[in-house]
Amino acid sequence: MCGIVGYLGTSEAMPVLFNLLKRLEYRGYDSAGIAIMNESVETFKTRGSVDDLRSIAPDIKGCTGIGHTRWATHGKPSSENAHPHCDCTGSIAVVHNGIIENYIEIKGKLIDSGHEFRSETDTEVLPHLIEEYYDGDLESSVQNALSVVRGSYALAAVSADDPDKIVVARKDSPLVLGLGDGGFFVASDVSAILKYTKNVIFMDDEEIGTIKKDGISITTLKGVPVEKKIEMIEWDPESAEKSGYEHFMLKEIFEQPDIIRETFSGRISADGVDLGLTLPDVKRITIIACGTSYHAGLFGRYVIERFARIPVDVEIASEFRYTDPILDCGDLVIAITQSGETADTLAAIRESESKGCEKLGIVNVPGSSITRESQCIFTRAGPEVGVAATKSFTSQLAVLLLLAVQLGRQRKVLSTADANEFVYELKQMSGNIQRVLNDAPQIKECAELFAGADQCMFMGRGANYPIALEGALKLKEISYIPAEGFPAGELKHGPLSLIYDGVPVVAIATEDTVYDKVLGNIKEVKARGATVIGIANESDTEIEKYVDYVIRIPDANQWIAPVLSSVVLQLFAYYIAYYRGCEIDKPRNLAKSVTVE
Ligand code: AGP
């Protein structure tokens with residue numbers, strides 16, 4: 001959802017800005033631009049990628065600059081609509097992530113007072129407003145401009161009058177400042193600046209920051225000084241690099257054994273599970289999330305209801321917030337989000353707070369918005385750059401399993417013996433994921449056979465149903481093959497009409513209480529001509545009689561097997577997209593972090 005960056009320091013700004021932008025490209029990649037403070041504000045922007053911009057921009061000298069990578073909301077991808085946007089004189093430049101909701105009204109007034117607009121964007125009102133309020137001081141002009149703006153923003157502004165200054169501001173869009181040896185950094189996301197520094201300041205809503213050579217000062221929008229904490233990010237800078245893999249997605253899939261070990265570290269022991277926080281004793285849980293995180297939430301319902309016997313509702317955040325949800329004071333609302341910045345998820349958790357609910361976040365990115373509003377359990381997946389979520393999903397599943405066990409023990413519905421037996425199984429999870437990854441060449445061969453498919457179906461039952469949904473989402477988002485996931489028991493109620501000769505159906509048929517039912521469903525699709533790829537346990541000697549291709553996972557507890565099947569489906573989608581020559585890390589029209597509604 002757009003990435004903004006900035007640099008002020010002792011090095012040339014241009015290479016630093018390109019480097020920062022490359023690391024934020026997963027937030028949007030339809031156009032890019034930079035502004036460097038030279039004798040004037042030198043702006044270059046283009047439709048296309050950061051590399052496209054790099055290839056056309058001349059070498060501009062200057063140690064201060066701002067940059068942007070765009071995911072279009074208002075106005076098509078074009079160089080006119082790319083950021084930075086400037087005022088009428090070209091001496092004030094702004095990059096922005098968010099949406100200015102009242103831009104039409106503001107734009108009308110500015111046009112009436114003589115301002116000339118060059119783009120279709122909402123953002124362009126910002127430099128013109130700053131120009132309108134300009135009193136020789138960039139910070140107070142930004143402050144005044146923002147007082148008339150409604151909506152969300154993370155912005156950085158520079159002015160030719162003040163070449164050694166960047167003014168930044170935030171409301172409902174993420175913004176982090178880095179304090180490095182040779183300078184200061186601005187970014188939408190910590191992973192962009194990790195290469196330069198681990199010392200960061202997270203901006204909070206309605207704060208304005210001024211970055212100058214001698215330091216950073218932050219005030220509220222009303223000008224009241226704010227004392228900010230410098231936080232240290234523990235992430236390894238290497239983890240945000242491709243490290244020899246062709247795509248971030250593949251690298252992130254292969255990181256999963258280590259990630260799961262990290263997710264469990266210090267949280268499981270012979271005595272059970274300890275997530276390091278006291279969970280409230282509640283009668284009902286509502287999980288809210290979007291996309292992949294929503295699928296994790298659906299899985300969470302199965303495991304929490306099974307282990308802790310607490311009723312769980314799972315809601316898509318963008319629906320939940322507009323349905324006047326019925327929540328009882330004291331219910332627990334869990335928001336699951338990799339980025340911690342998804343606008344709908346944040347709005348939904350705020351809605352539940354207003355109804356007096358207990359809140360809990362399951363989040364990956366440290367310092368993200370949700371961590372500032374709610375107590376959180378971190379998934380510890382490290383920076384996830386691929387737009388298609390992989391390691392963040394399995395680490396969410398792992399946290400939900402831990403949560404279910406802790407709640408089950410707390411409520412005494414799960415015996416110590418059962419909990420310990422399950423913890424023993426959890427400890428095998430990382431090794432079992434590694435064994436799935438060792439079979440990647442076989443999954444790749446199977447994927448090659450289906451790379452030309454027109455559509456693909458995924459089915460599973462029980463806790464494998466959300467995994468089927470996630471398998472379908474992975475395939476459609478990176479390969480563009482229409483894919484549908486459904487509960488296998490629903491076949492006869494509609495999806496069966498999509499089956500024709502040769503259509504691939506991926507059936508998750510691992511051993512659990514509904515295994516025989518899934519075999520029955522496989523027969524139903526086979527009878528209508530489907531080519532079935534079965535995901536089955538390694539000890540299953542029956543499955544070959546039912547399906548055309550088998551991908552095996554290690555024998556594992558029925559609540560852990562879905563995590564292993566997820567890894568198979570990630571690789572299956574990855575290799576299909578690979579054979580189709582798709583831009584795997586940057587699927588069309590998508591951005592990783594959806595910070596606007
Ligand atoms: C999945 O591959 C997508 N990137 C997307 O569905 C994502 O899971 C969704 O936008 C939610 O993001 P969040 O976890 O950061 O809130």
Side-chain angles (χ1 to χ4, degrees), residues 1-3 25-29 71 172-174 188-191 247-250 252-253 287-300 314-321 334-350 361-371 373-374 376-397 399-400 458 466-467 469-480 483 485 566-567 569-574 577 582-597:
M1 273 312 107
C2 300
E25 232 181 353
Y26 65 88
R27 299 180 67 90
Y29 29 84
W71 185 87
D172 293 336
S173 287
S188 298
D189 191 318
V190 276
S191 58
H247 297 101
F248 276 110
M249 182 181 177
L250 191 63
E252 287 160 3
I253 291 173
I287 298 178
I288 46 178
C290 298
T292 290
S293 299
Y294 169 72
H295 297 154
L298 291 174
F299 174 81
V314 190
E315 305 281 351
I316 292 174
S318 55
E319 290 295 317
F320 176 84
R321 59 187 291 198
I334 303 177
I336 305 179
T337 166
Q338 185 284 130
S339 61
E341 301 292 353
T342 299
D344 287 317
T345 307
L346 290 172
I349 196 114
R350 286 171 194 148
I362 296 180
V363 62
N364 188 40
V365 178
S368 56
S369 295
I370 196 162
T371 66
E373 301 185 18
S374 167
C376 284
I377 303 172
F378 285 93
T379 51
R380 304 178 181 164
E384 188 175 66
V385 180
V387 168
T390 52
K391 60 177 181 172
S392 63
F393 178 62
T394 46
S395 62
Q396 287 167 347
L397 302 184
V399 163
L400 286 159
F458 293 78
I467 307 306
L469 290 177
E470 176 60 11
L473 177 63
K474 280 298 81 92
L475 186 68
K476 67 186 141 193
E477 72 180 326
I478 60 167
S479 77
Y480 317 139
S566 303
V567 178
L569 296 179
Q570 293 165 357
L571 285 168
F572 185 70
Y574 173 83
C582 298
E583 273 257 44
I584 292 177
D585 282 334
K586 291 185 260 172
R588 78 179 167 217
N589 304 333
L590 297 181
K592 183 147 190 79
S593 185
V594 185
T595 54
V596 292
E597 228 191 288

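One-based numbering, in listed order, for ligands and for the atoms of each. Just so you know, these numbers come straight off a predicted model, no measurement behind them.
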**Study point:** Part of Glu341 within contact of ligand 1 (heavy atoms, under 4.0 Å)
**Key:** neither
Check your understanding: Relative to the heavy atoms of Lys474, which atoms of ligand 1 are at a distance of less than 4.0 Å?
Key -> 1 (C), 2 (O)
Practice item. Could you check atom 9 (C) of ligand 1 against the protein and tell me its nearest heavy-atom contact, residue, atom and distance included? Key: Cys290 O, 3.7 Å
Check your understanding: Looking at Gly291 and Leu473, what are the two nearest heavy atoms and their distance?
Key -> C-CD2, 4.1 Å
Check your understanding: Considering all heavy atoms of both residues, which atom of Gln570 and which atom of Phe393 are nearest to each other, and what is their separation?
Key -> NE2-CD2, 4.5 Å
Check your understanding: At their closest point, which heavy atom of Gly471 faces which heavy atom of Leu569, and how far apart are they?
Key -> CA-CD1, 3.8 Å
Practice item. Answer yes or no: is there a side-chain heavy-atom contact under 4.5 Å between Ser392 and Thr379? Key: no
Practice item. Go through ligand 1 atom by atom and flag the ones less than 4.0 Å from a non-hydrogen atom of Ala388. Key: 2 (O)
Study note, to complete from the structure: ligand 1 atoms nearer than 4.0 angstrom to some heavy atom of Ser293 are 8 (O), 13 (P), 14 (O)
Review point. Do Glu341 and Ser369 meet the criterion of a side-chain donor-acceptor pair at a distance under 3.5 Å?
Key: yes
Check your understanding: Do you know the tightest heavy-atom contact between Phe378 and Val365?
Key -> CE2-O, 4.0 Å
Exercise for review: Mind checking salt bridge (charged side-chain N to carboxylate O under 4.0 Å, His left out) for Lys391 and listing every partner two or more places apart, or none if nothing turns up?
Suggested key: Glu255
Practice item. Kindly compute the distance separating OG1 (Thr345) from CD1 (Ile316), expressed to the nearest 0.5 Å. Key: 10.5 Å
Practice item. Specify the protein heavy atom at minimum distance from atom 13 (P) of ligand 1: its residue, its atom name, and the distance to 0.1 Å. Key: Thr342 OG1, 3.2 Å
Review point. Which atoms of ligand 1 are found less than 4.0 Å from any heavy atom of Thr292?
Key: 1 (C), 2 (O), 6 (O), 8 (O)
Point to revise | Protein heavy-atom partner closest to atom 10 (O) of ligand 1 - residue, atom, separation in Å | key: Val594 CG2, 4.0 Å
Exercise for review: Report yes if Ala389 has an N/O atom closer than 3.5 Å to an N/O atom of ligand 1; otherwise report no.
Suggested key: yes
Exercise for review: Identify, for atom 15 (O) of ligand 1, the protein heavy atom at the shortest distance, and state residue, atom and that distance.
Suggested key: Ser339 OG, 2.7 Å
Exercise for review: Starting from the C-alpha separation in whole Å, work towards a yes-or-no answer on side-chain contact (heavy atoms from CB on, under 4.5 Å) for Thr292 and Lys474.
Suggested key: CA-CA 9 Å; Thr292 290; Lys474 280 298 81 92; 3.1 Å; yes
Check your understanding: What is the nearest protein non-hydrogen atom to atom 3 (C) of ligand 1, stated with its residue, atom name and distance?
Key -> Glu477 OE1, 3.7 Å
Review point. Would you say Thr345 and ligand 1 have an N/O pair spaced under 3.5 Å apart?
Key: no
Check your understanding: Under 3.5 Å between some N or O of ligand 1 and some N or O of Gln396?
Key -> no
Point to revise | Atoms in ligand 1 flagged as close to Val387, the criterion being non-hydrogen separation under 4.0 Å | key: 2 (O), 3 (C), 4 (N)
